[in-house]
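Structure, as structure tokens:
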Amino acid sequence: MENPVQSSGARRNLVGLSRDEIAAEMKAFGAEAFRARQLWQWIYNRGATDFSVMTSLSKPFREKLAEAYVLERPQISQSLTSIDGTRKWLVRFPDGQEVETVHIPEEDRGTLCVSSQVGCTLTCKFCHTGTQRLVRNLTPAEIVGQVMIARDALEEWPSPQDDRQLTNIVLMGMGEPLYNFDNVATAMKIVMDGEGLSLSRRKITLSTSGVVPMIHRCGEELGVNLAISLHAVTDELRDVLVPLNKKYPIAELLEACRTYPGSSNARRITFEYVMLKGMNDSPAEARALVKLLEGIPAKVNLIPFNPWPGTSYECSSGTAIKAFSDIVFEAGYSSPVRQPRGRDILAACGQLKSESVKLSKAELLRQQSEEAQPA
Ligand code: SAH
Ligand code: SF4
């Protein structure tokens, strides 16, 4: 199923605008102030895609709005469903760039994995997204648009109070969210608004590879849960696996975690640790990890490495993962092993990488050959 193309000439898209922006837009449009609130609810709480359904607004006003504005989602260029129920949407923007959004249904929850950038400027060695050359920040509309297309597909409008299929959001898709903080923050404020998509900040987790100077702001301004992609216990190894470590080494990163606003034993910081065979998976490293985390309200999430075409890394053995997890658990930290989901559709952690670069190359070649042909 395809959505209409996004570019709509001079008409401005209202999807992705913050409360203040919609208020300013309506003021300039000559509408009374309370109209902005009504529009907000129609767009973000009821998921309206057309002004004609906004029955609390007069017909002439709806028509006037439709002449000036559109309500558009990004386009879905491909939609895949895994045998385990995980769904992956390839989402395309008007400039042809693409990102991936993944919905993971579980018994007691449904988590949406949202992208924050096209590609990623960081180059973690084990991550498929890090190999993508083309990179740009997503706009607030493109970030919140991913949540809205998922809600469309799950038929969850108006924002339900309970029995939801989309209960949690993790900013663990493509990109480094703290390198695009302002746009991520605008989008998450729309998501968290009680008259909007209405998901609590406690159900949102932002994962970062460790952009230390932004961590405090993230806690203060958004108050969402924090996940840190740690993956190594020494700077020597982390410099290799997560090159950002050269800029913000482990000690500085952990210090930022110690002072993360709102963290407590009831709201712990998640430390993600990808299990790479022979690289970072020894019992000694598990013990060193426990030592590093001392004094931080932490939980550990062990992620079996998800291979992708062309990688030279391998996933640790089941026995190594179990031994590692036991050591962390016995030290008093919860240490679940993340079950890989959607592997058959390349939707698991770290496998996301859009084909848009390849596509645009192919398109370029096609265009070149067409140009070479005499008319
Ligand atoms: N850029 C952010 C968020 C996206 S990645 C970050 O790095 O935290 C989400 C998680 O998947 C991170 O912990 C990342 O290190 C991990 N990951 C990346 N590639 C992976 C792979 N191939 N297998 C398993 N986990 C991977
Ligand atoms: Fe970027 Fe995260 Fe992948 Fe590292 S793991 S390259 S920060 S998306």
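Order of listing sets the numbers, starting from 1, for every ligand and every atom in it. Here the structure is a predicted model, which is why all the values come from computation and not from measurement.
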When you look for heavy atoms under 4.0 Å from ligand 2, do you find them on the side chain of Cys124, its backbone, both, or neither? both
Under 2.8 Å from atom 1 (Fe) of ligand 2, is there any N, O or S atom belonging to Cys127? no
Salt bridge check: are Asp239 and Lys246 linked by an N-O gap of less than 4.0 Å? no
Atom indices of ligand 2, in the order listed, that fall short of 4.0 Å to a heavy atom of Ser209: 7 (S)
For Gly173, the ligand 1 atoms whose distance to one of its heavy atoms is below 4.0 Å: 4 (C)
Hey, which atoms in ligand 1 end up nearer than 4.0 Å to a heavy atom of His231? 13 (O), 14 (C), 15 (O)
Part of Asn306 within contact of ligand 1 (heavy atoms, under 4.0 Å): both
Below a 4.0 angstrom heavy-atom separation, can you tell me which part of Ile228, side chain or backbone, both or neither, approaches ligand 1? neither
Charged tip of Arg46 within 45° of Trp42 ring normal and under 6.0 Å: yes
Thinking salt bridges, do Glu67 and Arg11 make one under a 4.0 Å N-O criterion? no
Between Arg267 and Asn225, is there a side-chain donor-acceptor contact under 3.5 Å, judged purely by atom types and distance? yes
Tell me yes or no: between the side chains of Asn137 and Gln117, is some donor less than 3.5 Å from an acceptor? yes
For atom 2 (Fe) of ligand 2, what's the nearest protein heavy-atom neighbour? Residue, atom name and distance, please. Gly175 O, 4.5 Å
Measure from atom 7 (S) of ligand 2 to the protein's non-hydrogen atoms and state whether any distance is below 4.0 Å. yes
Any idea which part of Met174 is under 4.0 Å from ligand 1, heavy-atom wise: side chain, backbone, both or neither? neither
For atom 1 (Fe) of ligand 2, the protein heavy atom that lies nearest, with its residue and separation: Cys120 SG, 2.3 Å
Which of the ligand 1 atoms, numbered from 1, are nearer than 4.0 Å to a heavy atom of Phe126: 15 (O), 17 (N), 18 (C), 19 (N), 20 (C), 21 (C), 22 (N)
Counting from 1 in the order shown, the ligand 1 atoms closer than 4.0 Å to a non-hydrogen atom of Glu176 are 1 (N), 2 (C)
Check for me whether Trp308 has a heavy atom closer than 4.0 Å to any atom of ligand 1. yes
When you compare the side chains of Ser18 and Asp20, does any donor N or O come within less than 3.5 Å of an acceptor on the partner? no
Taking the six-membered ring of Phe29 (Phe, Tyr or Trp), confirm whether the NZ or CZ of Lys64 is under 6.0 Å from its centre and within 45° of its axis. yes
State whether Phe181 and Arg217 meet the cation-pi test: NZ (Lys) or CZ (Arg) under 6.0 Å from the six-membered ring centroid, and within 45° of the perpendicular axis. no
